[in-house]
2 protein chains.
Amino acid sequence: MQFTRASEYGVFGLLNLARRGPGATAMVEEVGRQEAIPPDFLAKIFRALARAGLVRSVRGAGGGFTLQRPPERITLLEVVEAVDGPIHLQPCFDPSAGCAFEAGCALCEPFAEARRLLRETLARHTLAELARRQSPRAARLTAAHAAR
Amino acid sequence: MQFTRASEYGVFGLLNLARRGPGATAMVEEVGRQEAIPPDFLAKIFRALARAGLVRSVRGAGGGFTLQRPPERITLLEVVEAVDGPIHLQPCFDPSAGCAFEAGCALCEPFAEARRLLRETLARHTLAELARRQSPRAARLTAAHAAR
DNA sequence: TTCAAACCCGACCGATTCGGTCCGGTTTGC
DNA sequence: GCAAACCGGACCGAATCGGTCGGGTTTGAA
Ligand code: SF4
Ligand code: SF4
């Protein structure tokens, strides 16, 4: 039960963009260096964020990525779902899989509730709020500490 | 972001036990048949539940599995964590992985909050409560319906 | 005392996902 | 027209998922 590295990197990448102020454009290479994320991997992640409409890409020399919306209107939920795909909690919650029961089973209600709560919680946090308490990742990345 | 089939099967298996009344013992083969779960796979899952202390195993002829506690004192959270391992949400929340930051990053607080809420939600549901609204799985298992 | 029933442990299996990497193509500014 | 930058997708090794299997141990009963 974990989110992926990719979605974590996605958040850090967008926070980096957000810190540059409104309308700023940055190359994936530079963001990757500052956030200590493999640039080729971050590029793949940013393409997913672009497809989801969270970020706008500018091609060609002098290009890069820009936040499509002000950071106070991009939520943590949107970012992780754009990268990892929708949060289902149960395999059968994926419409492409489908439920195998005639009538609802005991699991349906509690997990649907848990899913709703989880998504609401992540939706409450915006990039603007997260950016306020966060410096670039590479600067903080030194040795392991035993938090949580 | 999903729980595994294994934990789902674990819940169904325990519900089957719970429905048999206090102290009842059942063989994994029979439970597997009734719940439409591959018996060898269910056996593996029940061993994990036994190691977690949720279920007691009786070996030898006439043996089987019994609920270790009354179903109103076994929570959904306990079952899924016994089978799938602890819910971490972030890879770095796993103590065996460890956090790579000197100080907390922006992600720590929101995901810790989400994790707490998710676990509390699952902990609110007991086997007794789930069993009350649920017949054996195989009986209900017919064709796909498009419920969430 | 022997036999079969039942759980126990761990190896193995094919398919999928994860975390990346790479390469050839396209768009753009200079 | 050239270099900078994104784009799409193929590919990669490692890990996880969803099972399966075989052999070992414990036990009750004939
Ligand atoms: S009824 Fe059960 S199997 Fe069907 S979607 Fe709900 S949780 Fe999944
Ligand atoms: S500070 Fe960041 S990396 Fe460290 S445990 Fe918290 S979320 Fe994970």
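Naming: A, B, ... by sequence-line order, numbering from 1 per chain.
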- Contact under 4.0 Å: B/Arg51 side-chain N or O vs C/dC8 OP1/OP2: no

In whole angstroms, the gap separating C1' of D/dC6 from CG of A/Asp40 amounts to 12 Å

**Item:** A/Arg73 and A/Glu78 ion-paired at < 4.0 Å
**Value:** no

Regarding the side chain of B/Thr4, the nearest nucleotide among D/dG18, D/dC21, D/dG8 is D/dG18

Testing C/dG25, D/dG8, C/dC22 for proximity to the side chain of A/Arg47, the answer is D/dG8

query: With a non-hydrogen cut-off below 4.0 angstrom, is B/Arg56 in contact with a base, only sugar-phosphate, or nothing?
result: nothing

Donor-acceptor under 3.5 Å (B/Arg115 side chain, B/Ile87 main chain): yes

query: Does a side-chain N-to-carboxylate-O contact under 4.0 Å join A/Glu81 and A/Arg119?
result: yes

Atom CZ of A/Phe41 and atom C1' of D/dC12 are separated, to the nearest Å, by 13 Å

Closest to the side chain of A/Ala61, out of C/dG29, C/dC7, D/dC6, is C/dG29

Result for 5'-nearest mapping on DNA chain C, choosing between A/Arg59 and B/Phe65, is B/Phe65

Exercise for the section: Check whether any side-chain heavy atom of A/Phe111 lies under 4.5 Å from a side-chain heavy atom of B/Leu122, and answer yes or no. Expected result: yes

To the nearest angstrom, the CD-P distance between A/Glu8 and C/dG19 comes to 9 Å

Rounded to whole Å, the CD1-C1' distance (B/Ile45 to D/dT20) equals 13 Å

Rounded to whole Å, the NZ-P distance (A/Lys44 to D/dC11) equals 13 Å

On DNA chain D, more 5' by nearest nucleotide between A/Met1 and A/Ala43 is A/Ala43

Among C/dG20, D/dC7, D/dC6, the one nearest any side-chain atom of A/Pro38 is C/dG20

Whole-Å distance, B/Arg5 CZ to D/dT20 C1', equals 18 Å

Any donor-acceptor pair under 3.5 Å linking the side chain of B/Asn16 with the backbone of B/Gln34? no

5'-most contact on DNA chain C (nearest-nucleotide basis), B/Phe46 vs A/Ala6, goes to B/Phe46

To the nearest angstrom, the CG-C1' distance between B/Asp94 and D/dT16 comes to 14 Å

B/Glu29 CD to C/dC8 C1', in whole Å, measures 16 Å

**Prompt:** Would you say a side-chain N or O of A/Tyr9 is under 4.0 Å from OP1 or OP2 of C/dG20?
**Reply:** yes

